[in-house]
Number of protein chains: 2
Amino acid sequence: MSVRPLTTLTYALLGLIQQAPLSGYALMKTFQTTPMRQYSGSPGAVYPALRKLERGGLIRGAVERQGSLRPRRVYHLTSRGREALRRWLSPPVTVEDAALRERELMLRFALMDSLLPPAQVDRFLKTMAASIDDYVESIAPFMDAAGMTSHATLALESGLEGLRGRAAWARRARRRLGNRRRGRKAR
Amino acid sequence: MSVRPLTTLTYALLGLIQQAPLSGYALMKTFQTTPMRQYSGSPGAVYPALRKLERGGLIRGAVERQGSLRPRRVYHLTSRGREALRRWLSPPVTVEDAALRERELMLRFALMDSLLPPAQVDRFLKTMAASIDDYVESIAPFMDAAGMTSHATLALESGLEGLRGRAAWARRARRRLGNRRRGRKAR
DNA sequence: AAAGGCATGTAAGGTGTTACATGATTGT
DNA sequence: ACAATCATGTAACACCTTACATGCCTTT
C-alpha cells in the first residue's frame with residue numbers, strides 16, 4: 001500500500017512536465033542549461049525515470065513525428081501524477097528536511113505555486129522557518145565544543161549562516177506572498 | 001593509472017581518521033551525533049567503505065580486544081592515505097565545485113588545516129570566492145528570464161543569496177586566517 | 001568532411017539506503 | 001524482563017554516473 005517516495009529527480013521531472021508537456025530531451029536540456037541542473041540531467045537518469053513514471057501511470061507519452069527527425073515522446077501529466085506531486089508538495093517541513101534536504105525543499109517551493117492553495121504555501125514557509133530555527137539551535141552548541149579545529153569552527157559558522165539566511169528568506173517570502181493573498185488580515 | 005576519485009564519504013572517513021585513530025563504530029557515531037551527519041553514517045555505507053580503504057592501503061586497522069565486548073578495529077591513516085587526502089584537498093576550487101559540490105567544499109576546508117600549508121589554504125579560499133562569483137554571474141540573468149514563475153524566482157533568489165553568503169564567508173575566513181600568517185604583508 | 005545538435009536509449013559499474021543478524025553488556 | 005548501547009557486518013534493492021550506440025540533419 002504505502003509506496004516508497006520517489007526520488008528528487010523524479011519529482012523535478014513531474015514538476016516540469018506539469019508546467020508544460022515536454023520530451024525527455026527537452027527535460028534534459030532544461031536541467032543542463034538552467035540552475036535546475038543540481039537535480040541532474042544525464043540521459044542515463046532521465047530516460048529510465050520517465051519510463052518508470054509512465055509505467056506507474058503518473059505521466060503519459062505521446063509520440064510526435066516531425067519531418068524525418070527521430071520522433072520524440074512528449075510527456076504530459078496524468079491526474080494520478082498531479083496527485084502524486086501534490087502529495088509530495090503538501091506536508092509541512094520537518095527538521096530533517098531543513099537539515100539534510102535543502103535542495104529538495106527549494107524544489108518543492110519552486111513547483112508548488114500552481115498546485116497548492118496559498119494557505120498551504122504559507123504553511124510550508126512557516127514550518128520551513130521554524131524547522132531551520134530548531135535545527136540551528138541543535139547544532140549551534142557545537143561552535144563552542146571541545147576538539148573543534150579552527151577550520152571546523154569556521155566551516156560550521158558558514159553552515160549556520162546559510163541556515164539563518166534561508167530562514168530569513170522563508171519569512172521574507174511569506175510576507176511578500178502574504179501581500180498578494182486576500183481573505184486574510186493585512187499586517 | 002588514474003584512479004577515479006573516491007567518494008565524499010570516503011574522504012570524510014579519511015579526514016576523521018587522520019585527526020585521531022577511530023573504529024568504524026566511532027566514525028558512525030561521529031556522523032550521527034554531529035553536524036557531520038550530512039556525509040552520512042549508515043553501517044551499510046561506513047563498513048564497506050572502510051574495508052575498501054584498507055584494501056587500497058590508505059588506512060590500516062588494528063584489532064583491539066577490550067574485556068568481553070566484541071573486539072573493535074581501530075583504523076589509522078597510512079602515509080599513502082595521507083597523500084591521497086592531500087591530493088584531494090589541494091586543487092583550487094572550480095566553478096563546478098562552487099555550483100554543485102558545496103558540501104564537499106566545506107568538508108575539504110574543515111579537513112585541510114593540519115595537512116596543507118597556509119598558502120594553499122589561502123588559495124583554496126581565494127579560488128572558492130572567485131568561482132562562486134563566476135557562478136553567480138552565470139545564473140543571475142535567470143532572475144529576469146521569461147517563463148519563470150514567482151516561486152521559481154524566489155527560489156533562485158534564495159540560491160543566489162546562499163552563494164553570495166558563502167563567497168563573503170570565504171573572504172572573511174581568508175582575512176581571519178591571514179592575520180595568523182607570518183611572512184605576508186598585513187593589510 | 002567533420003562536428004555538433006536533435007532524440008532516444010542501453011550497459012557496466014559503483015554507491016548508497018534500509019533492514020536484518022549477531023552477541024555481550026549495561027541500564028530501568 | 002526489556003530496551004538500549006557497543007560493535008561489526010551482510011543482503012536486497014534502487015539509483016546515479018559515465019560511456020557508448022544509433023541515425024538524421026545542419027552548420028562550418
Side-chain angles (χ1 to χ4, degrees), chain A residues 2-14 17 21-33 36-56 59 61-75 96 100-101 103-104, chain B residues 2-14 16-17 21-33 36-56 59 61-75 96 99-101 103-104:
Chain A
S2 88
V3 188
R4 86 167 55 199
L6 307 171
T7 65
T8 306
L9 171 58
T10 301
Y11 287 113
L13 294 170
L14 240 31
I17 291 169
L22 287 171
S23 67
Y25 189 78
L27 287 159
M28 265 180 53
K29 282 297 144 188
T30 302
F31 286 124
Q32 287 167 7
T33 61
M36 294 268 301
R37 84 157 154 198
Q38 301 172 332
Y39 307 102
S40 168
S42 54
V46 170
Y47 287 110
L50 288 170
R51 310 187 108 241
K52 206 188 160 193
L53 283 170
E54 189 164 27
R55 278 205 313 277
I59 61 177
V63 179
E64 266 190 19
R65 216 163 279 278
Q66 359 124 67
S68 56
L69 262 182
R70 183 167 182 169
R72 59 181 180 180
R73 297 188 64 93
V74 176
Y75 292 98
E96 290 290 292
L100 304 165
R101 291 185 279 269
R103 282 175 183 184
E104 202 180 313
Chain B
S2 88
V3 188
R4 84 166 56 196
L6 307 170
T7 64
T8 307
L9 170 59
T10 302
Y11 288 113
L13 294 170
L14 241 31
L16 287 173
I17 292 169
L22 287 171
S23 67
Y25 189 78
L27 287 160
M28 265 180 52
K29 282 297 145 187
T30 303
F31 286 124
Q32 287 167 7
T33 62
M36 293 269 299
R37 83 158 154 197
Q38 301 174 332
Y39 307 103
S40 169
S42 56
V46 170
Y47 287 110
L50 287 171
R51 310 186 108 244
K52 206 189 159 191
L53 282 171
E54 189 164 27
R55 278 205 313 276
I59 60 176
V63 178
E64 266 189 18
R65 215 162 280 278
Q66 358 123 67
S68 56
L69 262 183
R70 183 167 181 170
R72 57 181 181 181
R73 299 188 63 92
V74 177
Y75 291 98
E96 289 289 292
L100 304 166
R101 291 185 279 268
R103 282 176 182 182
E104 201 179 314

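So you know, we letter chains A, B, ... as the sequences are listed, proteins then strands, and number each from 1.
Close to dT8(C), at under 4.0 Å from its OP1 or OP2, lies no side-chain N or O of Y25(A). Contact annotation: K29(A) side-chain N/O to dG5(C) OP1/OP2 distance is not under 4.0 Å.
Ranked by how close their nearest DNA chain C nucleotide is to the 5' end, Q66(A) and G44(A) are led by Q66(A). Taking the nucleotide of DNA chain D with the nearest heavy atom to each of P43(B) and T10(A), the more 5' of the two is matched to P43(B).
Looking at the side chain of T7(A), the nearest of the listed nucleotides dT8(D), dT22(D), dC15(D) is dC15(D). In this structure, the nucleotide among dC16(D), dC15(D), dG5(C) sitting nearest to the side chain of S40(A) is dC16(D). Nearest to the side-chain atoms of S42(B) among the listed nucleotides dT17(D), dT18(C), dT8(D) stands dT18(C). Distances were taken from every side-chain heavy atom of Y47(A) (C-beta onward) to each of dT10(D), dT17(C), dT8(C); the shortest belongs to dT8(C).
A donor and an acceptor atom never sit less than 3.5 Å apart when one is taken from the side chain of R72(B) and the other from the base of dT8(D). Looking at R70(B), its side chain comes within 3.5 Å of the base of dT22(C) through a donor and an acceptor atom.
The interatomic distance linking L22(B) (CG) with dA7(D) (P) rounds to 12 Å, in whole Å. Between L9(A) atom CG and dG16(C) atom P there is a gap of 18 Å when expressed in whole angstrom units. Atom P of nucleotide dT8(C) and atom CG of L53(A) are separated by 15 Å, given to the nearest angstrom. Between the P atom of dC25(D) and the CZ atom of R65(A) lies a distance of 14 Å, rounded to the nearest Å. For M28(A) and dC6(C), the CE to C1' distance is 10 Å, given to the nearest whole Å. The nearest whole Å value for the distance from the CG atom in L6(A) to the C1' atom in dA14(D) is 12 Å. Atom P of nucleotide dA11(C) and atom CZ of R51(A) are separated by 11 Å, given to the nearest angstrom. Taking atom CG of residue L13(A) and atom C1' of nucleotide dT8(C), one finds them 15 Å apart after rounding to whole Å.
A pairwise comparison of heavy atoms in G24(B) and V46(B) identifies O-CG1, 4.0 Å as the closest pair.
At least one side-chain heavy atom of M36(B) sits under 4.5 Å from a side-chain heavy atom of L16(B). For the pair I59(A)/L13(A), no side-chain contact is recorded, criterion being any heavy-atom separation below 4.5 Å from C-beta on. Residues E64(A) and R72(A) meet the side-chain proximity criterion, which asks for heavy atoms closer than 4.5 Å. In this structure the side chain of L100(A) reaches within 4.5 angstrom of the side chain of R37(B), judged on heavy atoms.
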